[in-house]
Amino acid sequence: MGQYTEEGGTECLPTPPGYMSASPAQVPMPCADGFYSISENSTYCHLCGRGHQCKQKDKEPQICPEGTYAGLGSVECLKCPEGMFCPEGSGYPRE
């Protein structure tokens with residue numbers, strides 16, 4: 001579905017990007033931190049993948065640049081610890 005109706009309304013409205021709505025009776029809910037939805041009418045939010053950050057819930061995940069890393073569901077990439085190696089898109093630091 002991915003659509004909803006306002007209280008007392010009869011017309012289905014599209015669920016905006018960054019939100020999800022599992023049924024027409026459900027008011028759209030924003031994606032939780034670390035999740036995203038880039039299209040209208042989403043019935044669920046996607047988990048942000050390893051090596052990516054999801055700062056904006058209505059945009060594609062951004063790949064972590066070299067020198068940073070991010071685990072599943074990350075809002076921001078983290079700086080690679082000293083003495084470790086983190087190539088672009090790292091999900092974890094490497095020795």
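We use all heavy atoms of the structure for the numbers below, so side chains are in, but hydrogens, waters and symmetry mates are not.
- Within a 6.0 Å radius of OH in Y19, other residues, nucleotides and ligands contribute 12 heavy atoms or fewer.
- For the atom pair NE2 (H46) and CE (M20), the distance works out to 11.0 Å, reported to the nearest 0.5 Å.
- Annotation: side-chain hydrogen bond (donor to acceptor under 3.5 Å, both in side chains) contacts of D58 (sequence neighbours excluded): none.
- For the atom pair CD of E60 and OH of Y36, the computed distance is 6.0 Å after rounding to the nearest 0.5 Å.
- Here the OG-CD distance, from S42 to E40, works out to 9.0 Å after rounding to the nearest 0.5 Å.
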Without placing hydrogens or testing angles, list every side-chain donor-acceptor pair under 3.5 Å for residues 70-95, not counting sequence neighbours.
from : atom 1 : to  : atom 2 : distance (Å)
S74  : OG     : G71 : N      : 3.2
S74  : OG     : G71 : O      : 2.8
S90  : OG     : P87 : O      : 2.6

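- Within the 4.5 Å cutoff, no side-chain heavy atoms of P17 are placed close to those of I38.
- Among S37, C45, C31, the single residue meeting the side-chain contact (heavy atoms from CB on, under 4.5 Å) criterion with K57 is C31.
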